[in-house]
Amino acid sequence: MTSPVVTRFAPSPTGYLHIGGGRTALFNWLFARGRGAKFLLRIEDTDRERSTPEATAAILRGLTWLGLDWDGDVVSQFEGRERHAEVAHQMLARGTAYKCFSTKEEIDAFRAEAEARGSYAVFQSPWRDADPATHPNAPFAIRMKAPREGETVIDDQVQGRVVIKNETLDDMIVLRSDNTPTYMLAVVVDDHDMGVTHVIRGDDHLVNAARQQMIYDAMGWAVPTWAHIPLIHGPDGKKLSKRHGALGVEEYQVMGYPAAGMRNYLTRLGWAHGDAEFFTTEQATEWFDLKGIGRAPARLDFKKLENLCGQHIAASDDAALLHELEAFLAVSGQPTLTDSQRALMQSGMASLKERAKTFPELLDKARYIMSSRPISRDEAAEKALDAVSRGILQSLTPQLRNASWTKDDLEAILTGAAAANGIGFGKLAAPLRAALAGRTVSPSVYDMMLVIGQDETIARLEDAAA
RNA sequence: GGCCCGUUCGUCUAUCGGUUAGGACACCAGGUUUUCAACCUGGGAAGAGGGGUUCGACUCCCCUACGGGCUGCCA
């Protein structure tokens, strides 16, 4: 009988949602959602010094923006501390753990001495096999009685069969002398209690998996399926750091990348499904598997991210895109759309979305919608509006006033005007763009005219011709 | 220092012993065009190095180099 699949994402609330953490969460989510399984969220807040509620909130916001919804309530690891202590004591009772009275000072001294000698032996507690009768009446930590010989084998779905010699692992502390659980114990207990079947996490935990597996064995619990994924590196191949900027998932939102494109890019980073590059989230959940995860760390490539985002923007539903655009405006601290801007955006979206890779870019292309008369013009636009062009624009307005305002009608008028003036259409389009958008780079003149309408078009042309 | 993991075009990757080593992004050239974007065509571009195993290695094994991780009463 195979138990139903359960995955989880377990971040420490010590900062925002890291881009690597976001991808780890995404992989877990994809794996679960593709199998009708559960995706749980647990906050590893046992380190009271470094954990903050603000960080937890930021992580939740990041996940939500990425569209990764979790099942059930968010679990606080700290809340389970009594259960963790209980398990530590069960280990004691089973003889798979022991009380260690060595003080932190003694252990530090041992390490310092070892280092001075140039050796790096693991600390071996003198209390491992001590007679309980000799136990002092003093605070103690509970240490796992780890096997000293043999090896622990991690059957990893990504890294393959990884063998760790037990002699290289020490008797880790599972319960501190102040009765608080350590991470090693807490993860195992929580994953077991939450029924987690697949642990998909960064490969910085690969060796930890061996230690954790010892606890599973000590408690006689079923070991989950391991999948340790490589970390993400910066564009320079080095560890991701502040220097690379854009470490937090939310920063990507502020930069204006659409969530769908972000998901696509992050999924593709370190995972492959043949030659599939551009895909929907539905396809991703359907295709995602552990086998497709690569073993080497991947670098962030903003160009590819942008390309994918452009494709997703173009493929998006107009109304949904407008909603996401407004959300972007809000998080990036920009003014909200006025009612008329929103209405124009709605009708202009179809042409706008074909040409933008990010929301700032889309907004830039939508300048003809975002600005109102009088339209301010940049230098190139000013140049395009020379005396001759102004004259042509002037001569155009009577015809436009009588136009039926359909694409065909406008096309007939404009190409006719170009021909009448003995110029190519491109020569006419430049001043039109300048008049309509204040720039010589803009969406199609027909699209702009159709979106802003007859009156506004004529008014802008008259402004420019004046 | 010890242990563990990794290494295919600039980047993300395909390949699961036999391929002219494929695709995508980026780049370069040309085309189309109503500017930008898009689009079309073409191009350059890779198995870290060295040993094995094998009729045959990118693929399996070993060594080296480089990168990363772990080595806490942090997570």
Side-chain angles (χ1 to χ4, degrees), chain A residues 10-14 44-47 49-51 77 100 102-104 107-108 111 114-115 118-123 139-143 154 156 158-160 162-165 167-170 172-178 180-184 186-187 202-211 228 230-231 233 235 237-239 265 268-278 291-292 294-308 310 314 354-357 361 364-365 380 384 414 418 424-430 432-434 437 439-447:
Chain A
S12 318
T14 54
E44 312 237 305
D45 51 359
T46 53
D47 184 340
E49 298 289 306
R50 298 194 301 154
S51 300
Q77 186 158 67
C100 173
S102 295
T103 63
K104 192 150 190 342
I107 298 167
D108 287 346
R111 291 211 175 95
E115 199 166 334
S119 99
Y120 292 79
V122 297
F123 176 72
F140 59 86
I142 297 182
R143 297 187 101 106
I154 298 300
D156 195 274
V158 175
Q159 308 293 343
V162 179
V163 180
I164 311 279
K165 290 183 199 64
E167 63 191 38
T168 65
L169 268 20
D170 63 351
M172 69 201 136
I173 288 177
V174 291
L175 196 71
R176 300 187 187 97
S177 49
D178 65 356
T180 60
T182 59
Y183 161 77
M184 288 298 170
V187 229
D203 71 6
D204 47 336
H205 286 289
L206 184 55
V207 177
N208 288 340
R211 302 166 184 282
H228 289 91
L231 270 16
H233 284 179
K238 295 292 183 186
K239 247 177 81 176
Y265 177 71
R268 191 63 188 69
L269 194 63
W271 173 84
H273 180 72
D275 286 338
E277 299 284 351
F278 171 78
K291 276 190 65 177
R295 289 152 299 281
R299 307 181 189 199
L300 249 16
D301 179 359
F302 286 82
K303 289 289 189 187
K304 186 148 187 177
L305 203 213
E306 277 177 21
N307 178 279
L308 246 17
E354 301 290 340
R355 45 208 341 129
K357 296 189 177 81
E361 219 176 288
D364 186 60
K365 309 279 186 193
L414 295 187
F425 183 68
K427 288 280 185 229
L428 175 60
L432 276 171
R433 290 177 204 290
R439 296 191 184 173
T440 52
V441 174
S442 78
S444 151
V445 293
Y446 299 118
D447 287 336

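Naming: A, B, ... by sequence-line order, numbering from 1 per chain. What's counted below: heavy atoms across the whole structure, side chains too, no hydrogens, waters or symmetry copies. The model shown is predicted, which means the values in this text are computed figures rather than measured ones.
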Per A/Leu231 side chain, nearest of listed nucleotides B/C12, B/G69, B/U35: B/G69
Phosphate OP1/OP2 of B/G2 contacted by A/Lys165 side-chain N/O (<4.0 Å): no
Nearest-nucleotide pick for A/Lys357, side chain only, options being B/A37, B/G68, B/C12: B/A37
Residue-phosphate contact under 4.0 Å: A/Arg111 side-chain N/O, B/C73 OP1/OP2: yes
Distance, nearest 0.5 Å, that separates CG of A/Asp170 from CD1 of A/Ile107: 9.5 Å
Expected output: side-chain A/Asp45 to main-chain A/Gln77 donor-acceptor under 3.5 Å: yes
Candidates B/A75, B/U35, B/U11 - which lies nearest the side chain of A/Met184: B/A75
Whether A/Arg268 side chain and A/His273 backbone form a donor-acceptor pair below 3.5 Å: no
Closest-nucleotide 5' rank along RNA chain B - winner of A/Val163 and A/Asp45: A/Val163
Partner nucleotide, any strand, of B/C58 [Watson-Crick/G-U, under 3.5 Å]: none
Proximity to the side chain of A/Glu277 - top-ranked nucleotide from B/A24, B/G6, B/A75: B/A24
Flag side-chain contact, heavy atom, 4.5 Å: A/Asp108 against A/Phe123: no
Among B/C25, B/A75, B/C12, the nucleotide that comes nearest once only the side chain of A/Asn307 is considered: B/C25
Sugar-phosphate, base or nothing in reach of A/Ile164, heavy atoms under 4.0 Å: sugar-phosphate
Length of the line joining A/Leu305:CG and B/U13:P, which is rounded to integer Å: 14 Å
Closest listed nucleotide, where the reference is the side chain of A/Tyr183 and the choices are B/C25, B/A75, B/C73: B/A75
Nucleotide forming a Watson-Crick or wobble pair with B/G6, both distances under 3.5 Å: B/C66
Rounded P spacing from B/A24 to B/G44 in Å: 15 Å
Interatomic distance at C1', B/C61 relative to B/U53, whole Å: 7 Å
Side-chain donor/acceptor of A/Lys304 to base of B/A24, under 3.5 Å: yes
C1'-based separation of B/C9 from B/C27 [nearest Å]: 12 Å
Donor-acceptor contact below 3.5 Å, side chain A/Arg433 vs main chain A/Ala384: no
Of the listed nucleotides B/U35, B/C4, B/A75, the one nearest the side chain of A/Val441: B/U35
Any-strand Watson-Crick or G-U partner of B/C36, both distances under 3.5 Å: none
Among B/A75, B/C73, B/G6, the one nearest A/Ala141 by side-chain distance: B/C73
Donor-acceptor pair under 3.5 Å, A/Asp203 side chain vs B/G69 base: no
Complementary nucleotide for B/U53 - Watson-Crick or wobble, under 3.5 Å: none
B/G42 - base-pair partner by Watson-Crick or wobble geometry, distances under 3.5 Å: B/C28
Phosphate OP1/OP2 of B/C73 contacted by A/Arg143 side-chain N/O (<4.0 Å): yes
Atom of A/Ala298, atom of A/Leu269 and distance for their closest heavy-atom approach: CB-CD1, 3.6 Å
Between B/U71 and B/A26 - C1' atom distance, rounded Å: 40 Å
Atom-pair distance (CZ on A/Phe278; P on B/A24), nearest Å: 15 Å
Rounded P spacing from B/C55 to B/C40 in Å: 48 Å
Atom P, compared across B/U8 and B/C58: separation rounded to whole Å: 15 Å
Pairwise P distance, B/C4 and B/C63 [rounded to whole Å]: 10 Å
Listed nucleotide nearest any side-chain atom of A/Leu206, set B/C4, B/C16, B/A75: B/C4
B/U11 OP1/OP2 closer than 4.0 Å to side-chain N/O of A/Arg299: yes
Below 4.0 Å: OP1/OP2 of B/C73 and any side-chain N or O of A/Thr182: no
Sugar-phosphate, base or nothing in reach of A/Pro443, heavy atoms under 4.0 Å: base
